[in-house]
Structure formats: structure tokens, C-alpha cells
Amino acid sequence: MQTAIDAARTRTNNSILVDGGDQFQGTLFYTYYKGALAAEMMNQMGYDAMTVGNHEFDDGPEVLRGFMDAVNFPILMSNADVSGEEMLAGKLAKSTVIERGGEKLGLIGLTPHDTDELASPGPNVVFTDPVSAVQGEVDKLAEMGVNKIIVLSHSGYGVDLRVAAETTGIDVIVGGHTNTLLSNSNERAEGPYPTMVGSTAIVSAYAYGKFLGELNVTFNDAGEVTEAVGEPIIMDAAVAQHESTVARIAEAAVPLEEVRNRVVAETAEAIDGERGSCRAAECAMGNLIADAMLARVKDQGIQIAIQNGGGIRASIDAGEVTMGEVLTVLPFQNTLSTFHVTGAVVVEALENGVSQYEDGAGRFPQVAGMTFTFDVAQEPGSRISDVMVGGAPIDPAASYGVVSNNYVRNGGDGYKMFRDATHVYDFGPDLADVTAEYMAAMGPVKPMLDGRITAK
């Protein structure tokens, strides 16, 4: 990426480098360094601004603030009131103005409206509607004489389309969150690069740094876009490694090696934890993790395990399994949470889990101790049927012991119905450790699908 950015800068007289959020999470580098290494790399690359992704709140406002203090560019978020959160008040701006070629560019940040469900921002950050928030900032910038407006959005392609359609004055939206690939040449693209909504150019270049999005925009004197052309550049072997950066990453990786290389288990076959599997159907990794959770707390009167598919981040190859591999699957440092709810609430939770099936949302439930059927032809909220717990139909009025992770129990991924649970304990062991110990106790792991989730 450093090499590609350097090359792109030579192709233009005025350039800015911006990011659509979610620099946090994904690998052991984040688990060990939190945001410090990402900040170092982004400073080196010369970013001009970034918006807040939901994952920037995974470890609360404190870690986000530490990241903000470490970067030498603004972090932006327009659609939230942070005045009640002392770590962010007066520090996290809604927008900023930078200059290029004697011209002012207004940059506005946008984060998911449901970040309180997706991460851990705490009770003092209040998220608001993206359309009204962005329009408010556009109007303020216009009053300052700024007529070139770029929104850095971590709200997803669908919201970006809506923001572009329902606001005035936005020239470019740089998108994130839904990992959407827009392209004029890639057959997997969801739309052209840029996608035009009126005079607003929307760009999004997938995820994980696999592409560098490059958009060339021409403005007239009135600040109107007269041309917007570009294409994501794939970061494949045709792009040379940047030697000093490679050396720095190798240096930063040294403390991770002991953790990464410790063999903790063995598996007879590869264990499927792919995003497309675990957010849409019963998956082998989901079964393994849910079984591990339930096994750990079954002697506490717990009958059901529910793990959100979005918390499963990778597969594991056949053979020896290292702790590094387990931590790559489960990087969020979530703890086991046990609690009691009624059968009716369990069904409500399952309905939430399949409510955004079409979007591949991370709330899809992987389970143990229970089976259920879902029908996506039905409306969200009425898709679940045939729920069985311990071989018997679920009783809506009865109380059930549930184990999940602390993120889900506290309302993450839309599981707000668990916030009112009873007999709550959110501070169990780390989910990655529980899973590793369960795998070790199994001997060679035999991944399996056993029909606990059925799609009509």
C-alpha cells in the first residue's frame, strides 16, 4: 500500500489520502498493539483524514482516544453527540477543512447509526441519523465558503446511496463498512467506480487493504464536479513491497511470535469459518465455538449457546492449530457471558439473528444446545420456527440459561433483548482461550455440521 500510494501521488498535482474507517481489529497486531501500530503506519503513509468505523469503538472510547492522540491527522464523526463522553468531547470533530492548490476542501465523517449495537462506545455517545447530520455539516461548511465537500462514510453502500440522494452539496462519498467493491472492470463489483447519484460520486474499494481506491475529480469554479473517474488498484504481486515498511512490520511482529506459534490443538480437517458461511448458515467453526462455550458452563445450569457469526473472523487449516490461528478466528478479546431469559426472548434473539440475512450481517446466530429453522421468504421478525432446546420444543414462558459473549449480551449486533436478562455474569474467560482449551481436550478436532440450523 505504501508503494502504491507513493506512485499515485506522482500522477496528480493535488492529492488527498483518506480512510473510511475500521483500522482497528483483524489480526494479532491489533490484539497486541491496539491502535498504536495502525497509527504509526497511517502517519507514515500521510493520511489527511479518517472517519470512525464501528470497530474503532470495540475497546471503548479510551482506546479510540489513544489512537486519535497518536495520529497527526483528524478523525471525524458527524452523526454522534460526544459532548457527554469526556474522552472524546472537544477532540472528535464532525468535519474539517483542508487546502489543496489554494482551494478549500470540506471533509465530513460518518459512522454507522447502530454503532451502539455493533461495538462498545459506552452510554455517553449518542448516535444520530446520517442524512440530517451530514446535511448540517454541509450547510456549516457552505456558510464558510467551502464548496467542495467529501464525506468519509463508514455507514455502508446502501446508506451512502441514501445520503447522496437525500442531501445537497456533497461531491464525493468515500465508503466503507459493507466491504463493497465498486469497479468498472471487476466482474464481482456491485456497481461502477464511481457510482453517481445525481452529481455525487460514491467510491468504495472492498476491504483489508486489498485495493487502493484512486479517484480523479475535476471541479469548476463553482465547486461543481465536472468529471470523476477512477478505479481501485489491486495490491497484488505487481505492486512492489516497500522495503523499510516490511522491515518495520517484521520488527513489530517479534513480540507476537511466542503467542502466535504456540501449538494448542490439532484438527483432522480444515474448519470452515468463512464470512460467507458463518453469516448465512450453520458453519463448522460456529458449531465448534458454540459447543466450546456451552461445554465450559454447562455445569452452571446453562442450556443454550449463541455466538454471532460476525465474531468469527477466519477458518483454520487441517493439522496443528496454533494459538495465533485461534486468535485470528476470535480476535475481539470477548469474554463468556452467562445469563437467564425466557424462551420468548430466545426466539426474539433468533429473529434478530436472521433479520438481516440478505445483507450478510454479523448478527447471524451460531448455536449449541438448540436447533431452529428459518425462512427468509418471510418478513424479518417472523422467520423463525421449530425451535428445540435439549430435544424439546422451546417453552416461551420458561426460563433458560444462555451463554454468549459479552458483546452480544450487552446488546451488540442488535441483541438488545439480552440487556434485560437476569443472573448476568459478563466476566467469564476469554472466548479464544475457551475455544483453544476445548479443541485441545478433544484430541484431533473433527469439524461437523449436524443440522442444528435449517433453512427453508
Side-chain angles (χ1 to χ4, degrees), residues 22 24-34 37 55 58-59 120 208 249 252-279 282-298 302 305-338 362 364-368 403-409 412-413 426-450 452:
D22 273 8
F24 284 18
Q25 287 297 355
T27 70
L28 284 176
F29 284 102
Y30 180 78
T31 304
Y32 187 82
Y33 289 102
K34 297 304 179 186
L37 193 63
H55 281 297
D58 278 346
D59 288 298
S120 303
Y208 315 125
I249 294 298
V254 171
L256 313 183
E257 288 308 301
E258 184 179 348
V259 176
R260 193 192 303 270
N261 294 326
R262 190 171 81 245
V263 175
V264 294
E266 180 183 352
T267 180
E269 304 167 33
I271 309 171
D272 177 19
E274 293 304 305
R275 178 189 182 103
S277 303
C278 297
R279 296 178 179 219
E282 177 188 355
C283 72
M285 191 70 76
N287 284 356
L288 175 68
I289 294 166
D291 287 346
M293 296 164 78
L294 189 56
R296 185 63 169 252
V297 295
K298 210 165 189 177
I302 303 300
I306 299 178
Q307 162 69 23
N308 57 319
I312 302 170
R313 308 304 279 196
S315 298
I316 289 178
D317 296 333
E320 288 187 339
V321 179
T322 64
M323 194 62 202
E325 288 178 286
V326 177
L327 285 166
T328 302
V329 174
L330 297 164
F332 297 113
Q333 296 180 305
N334 289 135
T335 56
L336 257 59
S337 287
T338 52
F364 190 90
Q366 299 294 326
V367 300
V403 61
S404 189
N405 59 67
N406 62 312
Y407 167 72
V408 167
R409 213 291 303 166
D413 270 341
D426 282 336
F427 309 105
D430 184 279
L431 180 54
D433 291 338
V434 169
T435 302
E437 290 167 18
Y438 180 75
M439 292 173 72
M442 290 175 74
V445 176
K446 296 182 175 62
M448 54 82 185
L449 301 175
D450 55 13
R452 58 187 77 176

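Model, not experiment: these values are computed from the prediction.
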So how far is it from [X] [atom1] to [Y] [atom2], rounded to the nearest 0.5 Å?
X: Asp272; Y: Met285; atom1: CG; atom2: CE; result: 7.5 Å
X: Thr435; Y: Met323; atom1: OG1; atom2: CE; result: 8.0 Å
X: Ile271; Y: Ser315; atom1: CD1; atom2: OG; result: 9.0 Å
X: Arg296; Y: Glu437; atom1: CZ; atom2: CD; result: 4.5 Å
X: Ile316; Y: Glu266; atom1: CD1; atom2: CD; result: 12.5 Å
X: Ser337; Y: Met293; atom1: OG; atom2: CE; result: 8.0 Å

Legend entry - Plane angle bin for Phe332 and His55 - parallel if under 30°, tilted between 30 and 60°, otherwise perpendicular: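 Aromatic pair His55/Phe332 classed parallel.
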
What I'd like to find out is whether the side chain of [X] reaches to under 4.5 Å of the side chain of [Y], using heavy atoms alone.
X: Val264; Y: Met439; answer: no
X: Glu274; Y: Cys283; answer: no
X: Arg313; Y: Thr328; answer: no
X: Leu330; Y: Asn405; answer: no

With distance as the sole test, does [X] use its side chain to make a donor-acceptor pair with the main-chain N or O of [Y] at under 3.5 Å?
X: Asn334; Y: Leu431; result: no
X: Asp426; Y: Arg409; result: no
X: Thr322; Y: Glu325; result: yes
X: Glu269; Y: Pro447; result: no
X: Tyr33; Y: Ala252; result: yes
X: Glu257; Y: Val254; result: no

